[in-house]
Amino acid sequence: MPSTSEAAEPKPAIVIHDISKTFKIRHATSVKESVVAALQRKELSSKFTAIDGLSLEVPEGQSIALLGRNGSGKSTTLKMLSGVLRPDTGWIRTRGRIAGLLEVGAGFNPNLTGRDNVYLNAAILGMSKEETEARFDDILEFSEIGEFIDTEVKFYSSGMYSRLGFAVAVHTELDILLVDEILSVGDAAFRKKCTERMKLLREQGKTMFVVSHNAGQVRQLCERGVVLHRGKVVFDGGIEEALEYVKPGSGKLDGGTAVSYPVRGAIKRVYERSREKYGRPLFGATEVEANGGGRYQRFEKGIITESDALGKAFGLTTGAFLTDYLAHDGPDGAWGFIAGAPRGLIAQGNRRVEFQHGSATFTTDDGVAFVPHAPASEPR
């Protein structure tokens, strides 16, 4: 039976499972070039893998920033999330209505007026005509388009496009907002207004997926950062750590092979509650045969174990308990799997963690002491 705390966890708003996307790049743009290339035995096309085995899960109400260099796969990921593109392999599941701001002018017909495009764009986002009419004045006021609302949008500047597109998106009844660098256009005052509106959406419990190179903006809007490199996840954790990871001069995105270690099942449920405390996964889950069987996964700052015998998962982060537990071979050793979260206060001398085969206590004088459970008495 799941615990009360597990039952109360937010449901995933976005689940991305092992997706890949490959594009064909044609090197010949005309029949003549194709013939010449064929005679010279040159390749007429090559393949480029934009996304390679990407897996992510985003709980409802979380704000996540997708970071990385140009060409790392950020925009391709958002386009697959929005349904503009389909993954070649893997699958994506989303919960609720999605509003996407993927590029300036997306969803607009250049030959229609701004007014007509509001209704068109709102319909694409799932709004009825009645809903759009009820919110039209708010959309117009937020966009600051004014009298140009009845002008064909092909005469709009990129800033006017983004104003109107953003205004429509944030006035829909959305559950998930996808934003791809669209806020990089427009004047500073409007960008600030957009940021404040997105903060309000976050406070309302909306899920946000933001692609941006603006560190200040994502620091304000997002709590979690995922870094992509060559189509793979190379970092997934707190936003400050993610920004440090992509900072020029860090050297962490120079060469090397990107590695993504998925976190799944009961271990993932524990991890999602305290991502920043655990840090990024160092390896995939490792199966254990000892102590009734189960599995564990190591992270930068901790470990989470899942016992088949206990039917639960618990974790430890950096500290004396973790150090001593690993020194005694973790779930393979005499302590067994972790059987509870740390409890009590160090100041009161009752800090303790329950393990499968005993209890560990910590005091400032004696450090960690492990006391095995008393053996069960045999029946007479």
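Note: hydrogens, waters and symmetry copies are ignored here, and every other heavy atom, side chains too, is used.
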Chemist: Where do Arg95 and Ile176 come nearest, in terms of heavy atoms and distance?
Modeler: O-CD1, 3.6 Å
Chemist: Please determine if Lys312 and Glu306 form a salt bridge, counting it only when a charged side-chain N lies under 4.0 Å from a carboxylate O.
Modeler: no
Chemist: Can you name the closest pair of heavy atoms from Leu310 and Ala339 and give their distance?
Modeler: CD1-CB, 3.8 Å
Chemist: Answer yes or no: does atom CZ of Arg86 have more than 12 heavy-atom neighbours from other residues, nucleotides or ligands under 6.0 Å?
Modeler: no
Chemist: Would you kindly check if the NZ (Lys) or CZ (Arg) of Lys24 is within the cone defined by 45 degrees around the ring axis of Phe48 and under 6.0 Å from the six-membered ring centre?
Modeler: no
Chemist: Would you check if the side chain of Ser20 reaches a backbone N or O of Asp88 as a donor-acceptor pair within less than 3.5 Å?
Modeler: no
Chemist: For Asn291, check side chain to side chain donor-acceptor pair (under 3.5 Å) against everything at least two apart and list the hits.
Modeler: His357
Chemist: Determine whether Leu85 and Leu66 fall in the same hydrophobic cluster, where Ile, Leu, Val, Met, Phe, Trp and Tyr are linked whenever their side-chain heavy atoms lie under 4.5 Å apart.
Modeler: yes
Chemist: Would you say Arg295 and Val288 make side-chain contact, with heavy atoms under 4.5 Å?
Modeler: no
Chemist: Please check if the side chain of His373 supplies one atom and the backbone of Gly358 the other of a donor-acceptor pair under 3.5 Å.
Modeler: yes
Chemist: Rounded to the nearest 0.5 Å, what's the gap from CG on Leu178 to OG on Ser75? Could you check?
Modeler: 11.5 Å
Chemist: Quick one: side chains of residues 201-211, donor-acceptor pairs under 3.5 Å with protein atoms, not counting sequence neighbours, listed by atom name and distance.
Modeler:
from, atom 1, to, atom 2, distance (Å)
Arg202, NH1, Gln220, O, 2.8
Arg202, NH1, Leu221, O, 3.0
Lys206, NZ, Leu174, O, 3.1
Thr207, OG1, Gly61, N, 2.9

Chemist: For Ile92, check side-chain contact (heavy atoms from CB on, under 4.5 Å) against everything at least two apart and list the hits.
Modeler: Ile16, Ile19, Met80, Leu81, Thr94
Chemist: Rounded to the nearest 0.5 Å, what separation is found between the CD1 atom of Ile304 and the CD1 atom of Ile338?
Modeler: 8.5 Å
Chemist: Can you check whether Glu240 reaches Glu276 side chain to side chain, under 4.5 Å on heavy atoms?
Modeler: no
Chemist: Who are the side-chain contact (heavy atoms from CB on, under 4.5 Å) partners of Ala65, not counting sequence neighbours?
Modeler: Leu67, Val218, Cys222, Ile239
Chemist: Taking the side chain as everything from C-beta on, heavy atoms only, tell me whether Glu57 gets closer than 4.5 Å to Gln62.
Modeler: no
Chemist: Answer whether the closest heavy-atom distance between the side chains of Phe148 and Val153 falls below 4.5 Å.
Modeler: no
Chemist: So, taking the atom named CG in Leu228 and the one named CG in Asp52, what distance separates them when rounded to the nearest 0.5 Å?
Modeler: 11.5 Å
Chemist: I'd like to check the side chain to side chain donor-acceptor pair (under 3.5 Å) partners of Asp138; sequence neighbours left out, ordered by chain and number.
Modeler: none
Chemist: Mind checking what makes ring-ring contact (aromatic ring centres under 6.0 Å, His included) contact with Tyr296, not counting sequence neighbours?
Modeler: none
Chemist: If we ignore hydrogens and angles and just use 3.5 Å, is the side chain of Lys21 paired with the main-chain N or O of Thr76 as donor and acceptor?
Modeler: no
Chemist: Thinking salt bridges, do Arg275 and Glu272 make one under a 4.0 Å N-O criterion?
Modeler: yes
Chemist: How about Arg273 and Lys268: do any of their side-chain heavy atoms sit closer than 4.5 Å?
Modeler: no
Chemist: Out of curiosity, does Ile98 fall in the hydrophobic cluster containing Ile64 (side-chain heavy atoms, cut-off under 4.5 Å, transitive links)?
Modeler: yes
Chemist: Identify the two heavy atoms, one from Ile139 and one from Ala167, that lie closest to each other, and give their separation to 0.1 Å.
Modeler: O-CB, 3.6 Å
Chemist: Can you give me the closest heavy-atom contact between Ala309 and Gln356, atom names plus distance?
Modeler: CB-NE2, 4.1 Å
Chemist: Examine distances only and state if a side-chain atom of Ser72 and a backbone atom of Arg69 form a donor-acceptor pair shorter than 3.5 Å.
Modeler: yes
Chemist: Ring-plane angle category for Tyr271 and Phe299, please: parallel below 30°, perpendicular beyond 60°, tilted otherwise.
Modeler: parallel
Chemist: Tell me, do Leu78 and Val179 make a side-chain contact under 4.5 Å, heavy atoms counted?
Modeler: no
Chemist: Just by modelled atom types, is the Leu54 backbone N or O under 3.5 Å from a matching donor or acceptor in the Lys232 side chain?
Modeler: no
Chemist: Hey, could you give me each pair passing salt bridge (charged side-chain N to carboxylate O under 4.0 Å, His left out) that has a residue in residues 347-373? Not counting sequence neighbours.
Modeler: Arg352-Glu354
Chemist: Starting at CH2 of Trp335, measure out to CZ of Phe370 and round the result to the nearest 0.5 Å.
Modeler: 6.5 Å
Chemist: If every non-hydrogen atom of Gly53 is compared with every non-hydrogen atom of Asp18, which pair is closest and at what distance?
Modeler: CA-OD1, 3.3 Å
Chemist: Tell me whether Lys74 contacts the main-chain N or O of Val227 through its side chain, where contact means a donor paired with an acceptor under 3.5 Å.
Modeler: no
Chemist: Applying side chain to side chain donor-acceptor pair (under 3.5 Å), name anything that partners Glu173, two or more places apart in sequence or on another chain.
Modeler: Arg135
Chemist: For Phe136, check side-chain contact (heavy atoms from CB on, under 4.5 Å) against everything at least two apart and list the hits.
Modeler: Arg115, Val118, Tyr119, Leu140, Ile149
Chemist: Side-chain atoms of residues 315-328: list all donor-acceptor pairs with protein atoms under 3.5 Å, sequence neighbours left out, distances to 0.1 Å.
Modeler:
from, atom 1, to, atom 2, distance (Å)
Thr318, OG1, Lys301, O, 3.2
Thr323, OG1, Gly319, O, 3.1
Tyr325, OH, Gly336, O, 2.8
His328, ND1, Asp324, O, 2.8

Chemist: Which residues satisfy the side chain to side chain donor-acceptor pair (under 3.5 Å) test with Asp116, sequence neighbours excluded?
Modeler: Thr113
Chemist: Rounded to the nearest 0.5 Å, what separates atom CD1 in Ile51 from atom CZ in Arg230?
Modeler: 14.0 Å
Chemist: What's the shortest heavy-atom distance between Ala122 and Thr132, and which atoms?
Modeler: CB-OG1, 3.3 Å
Chemist: If we only count heavy atoms from C-beta on, is the Tyr161 to Pro110 side-chain gap below 4.5 Å?
Modeler: yes
Chemist: Which value, rounded to the nearest 0.5 Å, describes the distance between Glu289 atom CD and Asp308 atom CG?
Modeler: 11.0 Å
Chemist: Taking Lys199 first and then Glu196, would you say they form a salt bridge - that is, a charged N and a carboxylate O separated by under 4.0 Å?
Modeler: yes
Chemist: Please tell me if the side chains of Trp91 and Pro87 come closer than 4.5 Å, counting only heavy atoms from C-beta onward.
Modeler: no
Chemist: Mind checking side-chain contact (heavy atoms from CB on, under 4.5 Å) for Asn111 and listing every partner two or more places apart, or none if nothing turns up?
Modeler: Asn109, Lys154
